[in-house]
Amino acid sequence: MQPRYAPEEHEDKIYKLWQKHDAFNPDHYKGKKSGQTKPFSIIMPPPNANDPLHIGHAMFVALEDTLTRFHRMRGDDTLWLPGTDHAGIETQFVFEKKLQKQGKSRFQFDRDALYNMIWEYVQENSDTAVDQIKKLGASCDWSRFKFMLDEDVVRLTKETFAKMQKDGLIYRDIRLVNYCTKCGTSYSELEIQSVEQTTNLYYLRYPLFETPDEHIVVATTRPEPIFADTHLAVHPKDKKHQHLIGTQVINPLTKQPMTIIADEFVDPKFGTGVVKLTPAHDANDFAVAQKHKLPMNIAITREGKLTALAGKYAGLKVATAREQIIADLDKQGLIEKIDIAYKNTIKTCYKCARIIEPLPLPQFFVAVNKPGKSLTEAVLQTLAKKETKIYGAGREKILKHWLTNLNDWNISRQIVWGIRIPVWYQIDGHEDAISASFLNTAGEYTSGTLTELLKKHSLKTIAKGLQSLSADAEVPYIVGDSTPANRHEYLPETDTFDTWFSSAQWPVNTLKTTNKGDFARFYPTTVMETGYDILPFWVMRMMLLGIYLTNKSPFSEVYLHGLVRDEHGKKMSKSKGNVVNPLDMVSKYGADAVRMSLIIRSTPGIDKSVGERDFIAMRNLTNKIWNATRYVSMQEITDTSALPGDTVVSKKVATLSKDIAKLLEKRKIGVAADNTYGAFWHWFCDECIESHKQTTISLACLRKTLETFLQLLHPYMPFVTEACWQELHPESLLIEHAWPT
RNA sequence: GGUCGCAUAGCUCAGUUGGUUAGAGCGCUGCAUUCACAUUGCAGAGGUCAAAGGUUCGAAUCCUUUUGCGACCACCA
């Protein structure tokens with residue numbers, strides 16, 4: 001053996017050795033173990049298929065592989081199921097950026113071409129994540145690998161949608177959705193960020209209809225949709241304004257009369273105590289409008305421009321329009337004052353940071369709290385019964401908070417990269433209520449209502465080149481994978497599912513499509529291990545849909561790891577330049593060192609700081625393990641008799657094995673790793689090996705103890721321990737070895 | 001405004017569910033090297049465990065309050 005451990009000389013070879021022996025596949029162990037073995041399963045959080053791994057991925061690989069290897073050694077029927085995600089919006093965006101660099105835009109391609117281009121792009125890079133996961137030593141069963149867009153997974157995802165539709169848990173309706181005009185799609189409430197901003201609060205004068213010399217003042221941060229204002233509102237008990245209820249004012253832009261109504265949502269103490277109602281562009285106003293059955297005028301398009309309603313401002317972008325409108329109102333003397341340092345919070349797009357435009361669009365929603373069939377209630381009950389245990393510094397409370405306040409889930413996305421919603425709209429009789437855009441054979445776009453389009457084009461032509469379709473909420477539709485066969489005519493939905501709608505079914509849909517019997521054998525899974533940052537996006541939704549589909553929580557434990565921070569405890573970001581690439585560190589210090597650095601002394605739910613110094617320290621540990629083995633393998637067997645120190649040593653190591661196992665079972669992984677490290681270095685190396693030099697313990701005992709330590713260290717540091725094991729026992733594999741007792 | 005988390009050595013963090021003299025890594029000081037490993041060993045300095053009060057035979061750990069930091073959620077036009 002060389003005096004130094006060189007990870008690059010061993011890691012790939014050892015990984016191949018494991019694979020050659022099929023050591024990751026639970027079926028490999030079938031019949032080899034005595035008695036009934038209990039299942040242990042982890043579904044890997046599927047990384048984006050074509051993205052390189054970041055340090056957070058290394059964290060999940062390290063933790064999940066540690067648990068997997070530990071349970072495999074304990075003799076459990078152990079499956080770690082790997083997979084990758086199509087990551088709808090993320091991937092489409094990365095691809096669009098690539099197009100942009102080439103001076104192109106996604107709107108230059110028809111949806112099939114765009115989809116195929118992205119598919120190609122993903123295929124080209126799809127091995128990136130998988131290769132890197134292997135480099136980290138993941139002992140997941142690649143024979144059961146799944147991709148979110150695998151045909152069978154897609155089929156099951158659509159079946160879930162159909163089942164939910166049947167059960168009345170899916171509905172299509174006009175709601176104010178969070179729309180990003182830059183990304184060109186709507187989002188659910190979870191993908192929205194709140195940002196505090198300083199903005200102008202305009203105090204505008206609305207002349208009274210009867211006596212136009214008098215006016216009422218309304219404060220607003222958004223003057224541009226005033227065209228769409230339908231009413232003003234005051235609090236019914238507001239003494240100052242009570243007398244105006246039911247009277248009319250003049251809309252300062254359209255000059256049309258508007259009625260003042262009363263509603264308790266108005267806070268008489270805020271601003272002037274008078275609110276303008278813009279039902280189509282404000283969530284509060286929308287709610288009030290529904291309550292009072294007020295009309296909804298649309299002032300802003302999906303492109304973020306003003307509609308024809310805006311007269312001379314039509315077609316202007318929101319920001320430009322605002323300036324001009326304020327200037328014009330000022331000329332008319334309709335501005336009372338402007339508070340230029342007003343602070344409020346606005347919603348922004350989590351992807352591009354643009355301001356989210358609330359727009360009324362007909363979309364598909366999952367009813368999460370339908371009386372009698374409440375998905376959220378079912379999850380809350382599961383949690384109350386402790387059917388699923390959450391590890392992660394108080395995150396269970398956060399989860400409960402989410403579940404008790406969750407709104408219906410918008411699952412429609414206006415992008416092509418994803419699973420198309422399997423819905424068909426009935427055309428005949430609804431031509432006016434459906435608008436579409438299609439590409440003809442000459443490559444030209446044509447759009448309009450179907451009434452207009454069908455005058456010049458056949459339905460077949462439209463269907464063939466269909467790019468986008470927008471049907472009013474009342475248009476009847478049928479759920480299905482192909483054109484419904486009946487006397488009606490149909491066009492398909494063009495929206496795709498929210499990525500998380502398919503991810504939410506991942507534990508169910510993967511196990512149902514791998515090997516026959518896997519679902520019964522491994523579901524519900526044991527541990528769901530992932531970062532706490534996607535608790536509401538993913539974990540909560542897996543519980544919502546998992547329980548809905550199977551009546552069982554998809555996992556009995558949730559282990560939420562913290563975010564990986566830099567060595568100063570700062571958040572990693574490209575702009576700070578403190579991003580650590582895990583694969584660079586792997587090639588520098590070895591996979592074991594990277595894994596151990598992330599795991600040792602980590603605590604669920606608490607962020608973990610790592611830096612080069614930690615990788616170096618753990619690289620030193622790999623070398624220490626290597627050299628301890630080297631020492632033992634260098635000894636010549638002179639006397640095989642036991643020595644007086646042996647009993648104490650073997651007793652202590654047996655206790656240690658038990659203690660470490662208990663810690664790992666209680667998911668105190670960071671503590672287990674730390675204790676194993678300490679015992680190995682400061683007890684085994686510093687004391688036991690020295691005792692052997694003093695001939696107070698025998699070589700046999702020393703060797704046995706070292707082997708035990710290789711077993712104890714193997715879950716965290718699989719490569720070096722296996723490399724050392726091969727020096728001692730080339731006839732067997734450490735990965736297949738039983739946990740020491 | 002609400003919820004959650006954190007505060008322990010110079011730095012970054014553990015502390016196995018209340019149990020002697022509070023630990024690790026890095027850093028620092030001194031010594032050691034034909035010895036498995038200098039990616040090493042030995043010795044050492046360094047902490048009133050944020051503050052105050054309470055429960056207890058016993059508190060870094062449980063409870064209350066305060067302060068500071070961080071995250072999330074909700075927000076009033």
Side-chain angles (χ1 to χ4, degrees), chain A residues 1-5 189-190 192-194 196 201-204 218-223 229 232-234 265-278 282-285 288 342 344-347 392-402 405 532-533 535-536 562-563 565-571 589 593 596-597 600-603 605-635 659-660 662-675 677-678 681-682 685-686 689-690 692-693 706:
Chain A
M1 291 174 83
Q2 299 294 315
R4 276 190 193 183
Y5 174 65
E189 60 185 325
L190 305 194
I192 302 310
Q193 284 186 325
S194 298
E196 191 167 277
L201 182 62
Y202 304 95
Y203 288 78
L204 308 178
V218 178
T220 181
T221 54
R222 297 204 62 183
D229 287 4
L232 295 187
V234 298
F265 98 99
V266 182
D267 178 358
K269 291 192 196 90
F270 184 86
T272 60
V274 186
V275 182
K276 69 186 192 70
L277 293 180
T278 320
D282 180 275
N284 270 320
D285 299 0
V288 175
Y342 180 70
N344 72 345
T345 313
I346 42 152
K347 292 174 167 184
R395 305 288 154 170
E396 179 161 3
K397 287 186 185 167
I398 292 176
L399 179 60
K400 284 180 180 162
H401 181 260
W402 270 107
N405 295 290
Y532 66 72
D533 51 331
L535 175 67
L563 303 181
R565 293 170 175 270
D566 77 1
E567 57 193 326
H568 306 293
K570 296 259 161 59
K571 212 168 174 174
Y589 303 111
M596 194 57 159
S597 306
I600 194 162
R601 271 166 272 122
S602 74
T603 315
I606 304 285
D607 293 351
K608 173 77 178 162
S609 293
V610 288
E612 201 116 358
R613 61 172 186 216
D614 301 293
F615 299 127
I616 290 169
M618 294 305 127
R619 186 270 321 267
N620 294 353
L621 173 61
T622 59
N623 194 55
K624 195 78 177 169
I625 295 169
W626 178 259
N627 272 289
T629 309
R630 183 161 173 254
Y631 174 81
V632 169
S633 64
M634 279 165 72
Q635 305 306 308
D659 292 347
I660 298 296
K662 261 186 213 152
L663 288 172
L664 287 174
E665 271 166 3
K666 287 197 274 183
R667 311 302 181 220
K668 301 221 168 236
I669 305 172
V671 178
D674 195 23
N675 288 5
Y677 171 99
W681 196 305
H682 299 298
C685 295
D686 292 349
I689 292 182
E690 294 311 311
H692 177 260
K693 289 177 189 168
L706 172 68

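Labels below follow one simple rule: chain letters A, B, ... track the order of the sequence lines, proteins then strands, and each chain is numbered from 1.
For A:Asn627 (side chain) and A:Arg630 (main-chain N/O), no donor-acceptor pair under 3.5 Å exists by modelled atom type. Of the possible polar contacts, one joining the A:Asp614 side chain to the A:Gly611 backbone as a donor-acceptor pair under 3.5 Å is found. At least one donor-acceptor pair under 3.5 Å links the side chain of A:Lys608 to the backbone N or O of A:Ile600. At least one donor-acceptor pair closer than 3.5 Å links the side chain of A:Trp626 to the backbone N or O of A:Gln2.
OP1 or OP2 of B:rA14 sits under 4.0 Å from a side-chain N or O of A:Thr603. Distances shorter than 4.0 Å separate some side-chain N or O of A:Arg4 from OP1 or OP2 on B:rU39. Regarding contacts with the backbone of B:rC4, every side-chain N or O of A:Tyr532 stays at 4.0 angstrom or more from both OP1 and OP2.
Side-chain contact between A:Leu190 and A:Trp402 is present, with at least one heavy-atom pair separated by less than 4.5 Å. The side-chain heavy atoms of A:Leu399 and A:Leu535, taken from C-beta on, include a pair separated by under 4.5 Å. Contact of the A:Asn344 side chain with the A:Glu196 side chain is not registered, since no non-hydrogen atoms from C-beta on lie closer than 4.5 Å. A 4.5 Å side-chain heavy-atom check between A:Met618 and A:Tyr677 finds at least one atom pair inside the cut-off.
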Practice task
Quick one, give me the B/S/- string for nucleotides 17-36 of chain B, reading 5' to 3', where B means a protein heavy atom under 4.0 Å from the base and S means that only happens at the primed atoms, P, OP1 or OP2.
Solution key: -------BBS---------B

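Here the P atom of nucleotide B:rU40 and the CD1 atom of A:Ile625 are 13 Å apart, to the nearest Å. With rounding to whole Å, A:Phe615 atom CZ is found 15 Å from B:rC13 atom C1'. Whole-Å rounding puts the A:Leu277 CG to B:rC76 C1' distance at 13 Å. Atom CD1 of A:Ile346 and atom P of B:rA74 are 14 Å apart (whole Å). What separates NZ of A:Lys608 from C1' of B:rA71 is a distance of 20 Å, to the nearest Å. Atoms NZ (A:Lys570) and P (B:rG70) sit 11 Å apart, rounded to a whole Å. The distance between atom NZ of A:Lys571 and atom C1' of B:rU12, rounded to the nearest whole Å, is 19 Å. Distance, A:Glu396 CD to B:rC4 C1': 13 Å, rounded to whole Å.
Here A:Thr221 lies in heavy-atom contact (under 4.0 Å) with sugar-phosphate atoms only. Residue contacts for A:Gly569: at a heavy-atom cut-off of 4.0 Å it reaches the sugar-phosphate backbone alone, with no base atom in range. No contact: A:Trp626 has no heavy atom under 4.0 Å from any strand. Residue contacts shown for A:Asn284 are limited to sugar-phosphate atoms, with no base heavy atom under 4.0 Å away. Among the protein residues, A:Tyr342 comes within range of the sugar-phosphate backbone only, with heavy atoms under 4.0 Å from sugar or phosphate atoms but none that close to a base.
Look at the C1' atom in both B:rA32 and B:rA71: the space between them is 49 Å, to the nearest Å. To the nearest whole angstrom, the two P atoms, one in B:rC37 and one in B:rC42, are 15 Å apart. Rounded to whole Å, the separation between the C1' atoms of B:rA22 and B:rA38 comes to 30 Å. Between the P atoms of B:rC31 and B:rC35, the separation comes to 22 Å (whole Å). Nucleotides B:rU8 and B:rC49 are separated by 4 Å at their C1' atoms, to the nearest Å. Here, B:rG58 and B:rG18 have their P atoms 16 Å apart, quoted to the whole Å. Between the C1' atoms of B:rU20 and B:rA59, the separation comes to 14 Å (whole Å). Look at the C1' atom in both B:rU67 and B:rA52: the space between them is 11 Å, to the nearest Å.
When the nucleotides B:rU39, B:rC73, B:rA14 are ranked by their closest atom to the side chain of A:Arg619, B:rU39 comes out on top.
Looking at which nucleotide of RNA chain B each of A:Lys276 and A:Ser194 is closest to, the 5′-most match is held by A:Ser194. Residues A:Ile616 and A:Thr272 each lie close to RNA chain B; by heavy-atom proximity, the contact nearer the 5' end of the strand is made by A:Ile616.
Between A:Leu277 and the choices A:Asn284, A:Asp282, A:Asp229, A:Val288, the side chain to side chain contact (heavy atoms under 4.5 Å, CB included) rule is met once, by A:Val288. No option in A:Thr220, A:Leu232, A:Val266 other than A:Leu232 meets the side chain to side chain contact (heavy atoms under 4.5 Å, CB included) test with A:Val274.
Looking at residues two or more places apart in sequence or on another chain, you find a side chain to side chain contact (heavy atoms under 4.5 Å, CB included) between A:Glu690 and A:Lys693.
Every stem involving RNA chain B, taken as at least 3 paired positions in a row under the Watson-Crick or G-U wobble test at 3.5 Å, is listed here: B:1-7 with B:67-73, B:10-13 with B:23-26, B:28-32 with B:40-44, B:50-54 with B:62-66.
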